[in-house]
Amino acid sequence: METLSFKSSFAQAAEDSYTNFDTVKEWKRETGGLALGYFPVYFPEELPHSLGILPVGLYGASGGVALDMATAHTQSFVCSITRSVFQMALQGNLDVFDGLIFSNICDVARNLSGITKRNLQKRYVDYIHLPINNNSSYATKYLNDEYLRVSAALEKLVGKKLETRQLAKSIRAYNERRRLQLELVNLRRSKPWLLDYTEWYSIMRSGSIMPVEHYVDQLQRYVSELAAKDAKAMDRIRVAVVGNFCEQPPLMLMKVIEDAGCYIINDEGLLGSRWLGNVETKGDPLFSLAQAYVQNAEPLTVRFHPDINKQSYIANFVRNIKADGVIFLTPKFCEPALYDYMIYKSTLDEIKMPYLHLEYEESSSSFEHIRTMVETFAESILFD
Amino acid sequence: MTKYFAGVDAGSTYTKACLLDENSKLVTTTSDMTGVNIVAATKKVYQAALSKAGVREDEVSYIVGTGYGRYKITFGNTQVTEISCHARGAHYLFPNTRTVLDMGGQDTKAIRVNARGEVVDFCMNDKCAAGTGRFIEGSARALNLGLSEVGEISLKSTKPVKISATCAVFAEMETQEQLAYGNKLEDILYGVHSSIASRSIGLLRRVGIEPELTFTGGVSLNPGMVRCLQEQLGIKLNTSPLTMFCGAIGAAEFALEKTLAVAI
Amino acid sequence: MGGENFLENMITAGIDIGTKNTKVVLLEDGQKILAKENAATGYDFNKAAEQTFNKAVLESGLNRDVVEYVVSTGFGRYRVSFRDINVTDITTNAKGARLLHPNTSCILDVGAGNARASKIDENGRIVKFRSTEKCAAGGGGFLEKIAFYTGVQLGELGDVALTSKNPVNMSTICSVLAESEVINLVTQEVPMEDILMGAHLSVVGRVILTLRQVGVQPEVTLTGGLVLNSAFVKALEEKLGMKVNSSKDLYYAGAVGAASLGYKRLMRKKMSNN
Amino acid sequence: MPELVAEPMRKELDKAKRMQGDMLLSYFDALSKSGVTGTKIGYSFVMANPIELLATFDILPLFPEITSLNISYRGGAPPLIAQAEEVGYSTDACGYVKMGVASIMDKTKTSIGYIPKPDILFLSYSGCQIYIHWWEQYHYQTGAPIFTIDVPYLRDYDRHVPKHDIEYVAGQLEEMIPKLEAATGKRFNEDKLKEIVRLSGKAWDLWKECVEMGKLKPTPFDAYFESIYYMAPITFARGSQKCVDFYKFLLDELKLRAERGIGPTEREDYRLVFEGVPNYPFFKKFWGLFSHYNARCVASTYPKVAGLVDTGSFRLNPEKPIESIAEYMIHAYCNWNMPVRTHLIERYVKDYRADAVVIHSIKSCRSFSMGQGDIREYLAKELDVPTLLVESDHVDPRYYSEAQMKNRIDAFFETLALRKNRSQIN
Ligand SMILES: Nc1ncnc2c1ncn2[C@@H]1O[C@H](COP(=O)(O)OP(=O)(O)O)[C@@H](O)[C@H]1O
Ligand SMILES: Nc1ncnc2c1ncn2[C@@H]1O[C@H](COP(=O)(O)OP(=O)(O)O)[C@@H](O)[C@H]1O
Ligand code: SF4
Ligand code: SF4
Ligand code: SF4
């Protein structure tokens, strides 16, 4: 395994994206460019990228900061990612970012944008309302205008104009990233023993902090080396992990799940980065970007899809990826995840697919309870 | 004849009483477990204070009750919440107090006070972030340790364990799981104290931390807690063996003031 | 080796390290209980396991070496140095419950920290299981705390509660809140037994939720420390509207299940060696 | 509620409250008869609904928020919540959702009777995202179709709404018309819509006058605890003559109170601003903790969830019905970002000459509660307005601890008394 040379750079970048952002600082120093932090799940990274701004995903501090300042401003019954991101905003970890952007992932994140603004008066803090009524004929035009609004704000920030050619170029770069990430997804689905979850995770995560060209370059080499690799498969159950789309579970927890006898062949962690597939670059690229969102976005808990039946969606999904079981891994106090659990679970009951529901916090450091539950779960499937 | 003023703090764990004389001098303090019979406990602790000071009942002009059981102090003249009383009591012991952290058995309060010891702003723990003396007691009992031991033991920690859960219920589970991982007792206990400290600091930030900060309530007797708070805050706290009595002292001060007000 | 009798008189041990108590059972041929012991877990799990195990051996009057296989379970299962294998307590409790009450189809295991409900099929396989939600946790440990505040001995807790005619309604979901509510009730001098019964009912309410989530189906068997608590059992039966298996031996269900699983493993091992 | 005013007088002055109660009863009655009358039931939200459009098609709106809060007010929440949790809903989930889902499970009878199932689910995504999840639950539970109106969040910190937001919302409303025609078999009648919008606009104007009576010193009514009764008709009866009549009546009653110098408490010692959803299971007890100190609420945010009537942010215009409804929908309280919400409270404190702010925070409603800590920070630290933040739940009695609540409120009034005394001396 150690032969894969880029492994450590992925891991380093991922580690850096929790609280330090040294990579970003260095990039800024070298290029003189600006950086923009964005909150999960969906964000049109192409917009800042085409203006020379580095977009960086903010996925929580993974327990790396004390939450004392956040506690003063937020209630205790909200998820940890919002509190740790806010704490970082207050205590300066996010000073490296020239702007912060949120979107409509949930009520908590939405209000987080406002209180961040109030406390960081001078910073550019924005909010994108991504349309949920995507079968309205007005949705794409609306989003197109919304992207124009945000672009105008970003243009003001960098003092540069958005150029169509540049945007098309950015879209192509991100298309490539999405393609490679999907390739890796498929590889792991078919041969999960080729790489540990931790490794897989740091590769995906570093995609949201590294400059995209550099990342694509590394990932390309990685994927081809990995595809050629051979490793021994173990007798484990194949599980899909559902619900961790925003706050990220501690890596240790995922390790506990795998060690208890599972291969995680699907997870929703950092899903936003691989959502839309290939975006058209001919014609008006901004419009295409808006259209891609309205038409292609993957069904996901925090996204409403008027035309997709979630019940048949989950049934087909677990069938297609040949899962033996589903683990609902939901962040503590994350309501959206808890509601979809209800919809999905009734279908899984019907198709007799075993499932297990677990809760976590990004800062959790004890997993005994989870270990017991997952071991029992694996035992009940393995020794069927 | 000297006149005396009494404060009785009927807390969830301990009942405390104190007497002040008319010059506002602290004459005596007493305390005992509250137990299940509050009325009896308050009477007992109050009587103990009288006999310890050699004061007759009729020499006491005014009695103020405070604490959760304040309405059960049948012999008291009036009641004041322990928030106002702790503020006054802290100001009595440390006149430069501007912020008070009171950690008792049932709840934790952060209080900002003015130069006269009057409450300007206060916050109490939300249930989901509750870090109180009760939780330390819980861990102590789970580990078969005495209350006064846990703080001492935690001081020996060299490799503190992180207890990250926010709510006391989860934190307690986590404590036990850390044992299952084979971590050392002192390191876990340090983690327990540290996690409660950080939760109380969140509370303190809500009112704003202005020096001097006085730490009151029963938990202020716990050296482990004092250490964690000082380390995390980076400032020194006022504490003394009397800070546990701040509620009662403040109540007695109110008793004195009330009498003065009536006299004028 | 030879003959049939090498498969007889096999002694296996089950060690269940719970958050509060460690329970050990010695089983002969996966059936007969030779000894059962329990002791507080404390903070040195291996030591607790070792001592309780020795006590059980002593009680059985056997020699330590005759124990051929040791299965550890419960939340400290990884810390038993002399285990042959470890199994989760959900599995062992289900096994133990079925051994002691063969018609069991639902198992409710209530320990100190939380409760787990599981449902088994006719072959004893677990088909569904669930643990109390974190916020609704708090099983026996909560009652112990209440016992402490009210000054009632743990052993008498249930009996005192049963004398209540007018249990208080303590509906709070989380035990942090419930605890402070109890303190306030004590402050208001509500009769002790009414507070205690209220506390029992509140725990029952929470664990029944978990049981209903896997689907209640008779027979229901209760395992874990709360079988020793008469008020809990009664409240549970009343709220469920059915009889619940709650023999005292079920306190050891996890250890029994572990030892019986040990017996199976041992059999298989011996057969394949032979 | 404390009886501080002589009984006959009280009766005289509480006529509007009783009238509201009667209106609500006949509304519930109509709902329960819908099965017989064949009226189509459209589930809708209190915040930002296009009720005028539904009324044009004679769809009877059912607001699960209103049924849930009424059930809860009458002590009926626990069995419903338990029922929902037994099938797997989390204790952390919004109590309204759990009650709503349980109330239409087979054979459920609630404390206000049987709740009819939806024929259509009108989803207005404005502020609360739980709305989406809630309606999805119903959709999978009953198969009723969801008609969606996506309402962009107010992103601007100066309350500016970009043109494309209004176009988008208005466009969706237009798109809904043929769908409604298909669902009800009725033709769209623009004149009818205009008339309904006109009546709505009238009711809003009167309600605005009512809430602004809180500016009087002393205030003739409690703008939180009493408003919670008064706010109901504007939600469920908006667009009808009856609704207009109600607010006329209420306004007269409030004027009469003001004239005679009476109000909800014996005296007015404290003027408070309230933020947050109330706790319905303990509503009167909770009120009592404040009225005990002769504290009256002069302005509050929650009674305006049906429409931010006193902010000048929308105005229904019969000539431009669709656009003005769109604008109304965008300016829903929870659709406002936090700085704008905070400034509204700040303005209330100033305009209504309040002494303090009380925030009641709901554990399972993050749309309101996330950020209330920050509101407190701003008011207490930057404006030096005494602010109390207490928490419980809107429907779930399991999160209310009376002793703790009382302790906090008592202490708060002790500090207010100190402040008052001082300002009198100075
Ligand atoms: N000697 C001690 N050492 C350490 N902690 C103590 C000591 N005495 C009391 N405490 C702590 O103080 C708490 C009780 O504090 P107290 O202020 O008396 O509470 P209350 O007012 O609610 O009764 C106990 O829970 C315990 O944790
Ligand atoms: N003798 C007893 N009488 C009544 N209840 C008891 C007794 N012993 C234990 N319990 C109850 O059982 C709980 C502990 O159960 P146990 O199954 O030993 O827990 P764990 O497995 O988590 O260690 C205690 O919290 C207590 O409520
Ligand atoms: S983890 Fe859930 S609740 Fe928290 S911000 Fe993300 S989606 Fe919202
Ligand atoms: S158990 Fe903890 S997190 Fe849950 S409600 Fe209680 S205090 Fe809050
Ligand atoms: S979360 Fe709040 S705003 Fe949303 S439905 Fe529930 S109570 Fe209403």
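Just so it is clear: chains get the letters A, B, ... in the order the sequence lines come, proteins before strands, and each one is counted from 1.
- The closest side-chain heavy-atom distance from D/Val151 to A/His129 is not below 4.5 Å.
- Among D/Met338, D/Arg155, D/Arg376, the residue with the largest count of heavy-atom pairs under 4.5 Å with chain A is D/Arg155.
- Among the candidates D/Gln172, D/Glu174, D/Gln372, D/Arg341, the residue making the largest number of heavy-atom pairs closer than 4.5 Å to chain A is D/Gln172.
- A/Tyr138 is not listed as a side-chain neighbour of D/Glu167, based on a closest heavy-atom distance of 4.5 Å or more.
- Interatomic distance, OG of A/Ser113 versus OH of D/Tyr157, reported as 5.0 Å (0.5 Å rounding).
- In this structure, chain D has heavy atoms under 4.5 Å from both the backbone and the side chain of A/Asn309.
- Of the two parts of D/Ile375, neither the backbone nor the side chain holds a non-hydrogen atom closer than 4.5 Å to a non-hydrogen atom of chain A.
- Note that the OG atom of D/Ser90 and the NZ atom of A/Lys332 stand 6.0 Å from one another [nearest 0.5 Å].
- No other option in A/Gln311, A/Lys117, A/His73 has as many heavy-atom pairs under 4.5 Å with chain D as A/His73.
- Contact of A/Thr330 with chain D is not made at all, since no heavy-atom distance falls under 4.5 Å.
- Using the six-membered ring where Trp is involved, A/Tyr142 and D/Tyr168 have ring planes that are parallel, under 30° apart on the 30 and 60° scheme.
- Heavy atoms only, all atoms of each residue included: D/Glu175 and A/Ser136 are closest at OE1-OG, 2.8 Å.
- Using a 4.0 Å cut-off between a side-chain N of Lys or Arg and a carboxylate O of Asp or Glu, D/Glu377 and A/Arg118 do not qualify as a salt bridge.
- Considering only heavy atoms from C-beta on, D/Asp92 stays 4.5 Å or farther from A/Phe77 through its side chain.
- Proximity of D/Ile146 to A/Pro306: side-chain heavy atoms (C-beta onward) are nowhere separated by under 4.5 Å.
- Taking the ring centre of A/Phe333 as origin, the terminal cationic atom of D/Arg366 falls outside the region bounded by 6.0 Å and 45° from the ring axis.
- Minimum interatomic distance between A/Pro336 and D/His133 (heavy atoms only, all atoms of both residues): CB-NE2, 3.6 Å.
- Residue A/Phe102: no heavy atom, backbone or side chain, is found under 4.5 Å from chain D.
- In this structure, the side chains of D/Met370 and A/Gln75 stay at 4.5 Å or more apart for every pair of heavy atoms.
- The contact between A/Ile115 and chain D is made by backbone and side chain atoms together, counting heavy-atom distances below 4.5 Å.
- D/Tyr140 places no side-chain N or O within 3.5 Å of a backbone atom of A/Ser346 that could act as its donor or acceptor partner.
- Ring centers of A/Tyr147 and D/His164: at least 6.0 Å apart, outside the cut-off.
- Heavy atoms closer than 4.5 Å to chain D are found in both the backbone and the side chain of A/Glu146.
- A heavy-atom distance below 4.5 Å is not found between the side chains of D/Ile132 and A/Tyr339.
- What you find for D/Pro162 and A/Arg149 is that their closest heavy atoms are CG-CD, 4.5 Å.
- Closest approach of D/Gly88 to A/Lys345, counting heavy atoms only: CA-CE, 4.3 Å.
- Counting only distance, with no hydrogens or angles, the side chain of D/Asp150 and the backbone of A/Ile132 share a donor-acceptor pair below 3.5 Å.
- Chain D forms the most heavy-atom pairs under 4.5 Å with one residue out of A/Leu130, A/Thr82, A/Asn104, A/Ile128, and that residue is A/Asn104.
- Residue D/Tyr378 touches chain A through both its backbone and its side chain, counting heavy-atom pairs closer than 4.5 Å.
- Under a 3.5 Å cut-off, the side chain of A/Asn133 and the backbone N or O of D/Ile149 do not form any donor-acceptor pair.
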(request) Please step through side-chain contact (heavy atoms from CB on, under 4.5 Å) for the pair A/Asp340 and D/Glu136, ending with a clear verdict. (result) CA-CA 9 Å; A/Asp340 264 12; D/Glu136 278 189 309; 4.0 Å; yes
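- Residue A/Glu335 holds its CD atom at 6.5 Å from OG of D/Ser364, rounded to the nearest 0.5 Å.
- If you measure heavy-atom distances from A/Lys141 to chain D, the contacts under 4.5 Å come from the side chain alone.
- For D/Ile362, the part lying near chain A is the backbone, with the side chain staying farther off; criterion is any non-hydrogen pair under 4.5 Å.
- Expressed to the nearest 0.5 Å, how far SG of D/Cys94 lies from CG of A/Asp107 amounts to 9.5 Å.
- Salt-bridge formation is not detected for the pair A/Asp145/D/Lys163: no Lys NZ or Arg NE/NH1/NH2 atom is positioned less than 4.0 Å from an Asp or Glu carboxylate oxygen.
- Counting non-hydrogen atoms of other residues, nucleotides and ligands closer than 6.0 Å to NZ of D/Lys320 gives a total of 12 or fewer.
- At a 4.5 Å heavy-atom cutoff, the contact between A/Leu112 and chain D is made by backbone and side-chain atoms alike.
- Rounding to the nearest 0.5 Å places CG of D/Asn337 at 11.5 Å from OG1 of A/Thr116.
- Proximity of the aromatic rings of A/Phe304 and D/Tyr125 is defined here by a centroid distance below 6.0 angstrom, and this criterion is not met.
- Looking at A/Asn111, its side chain does come within 3.5 Å of a backbone N or O of D/Ser367 through a donor-acceptor pair.
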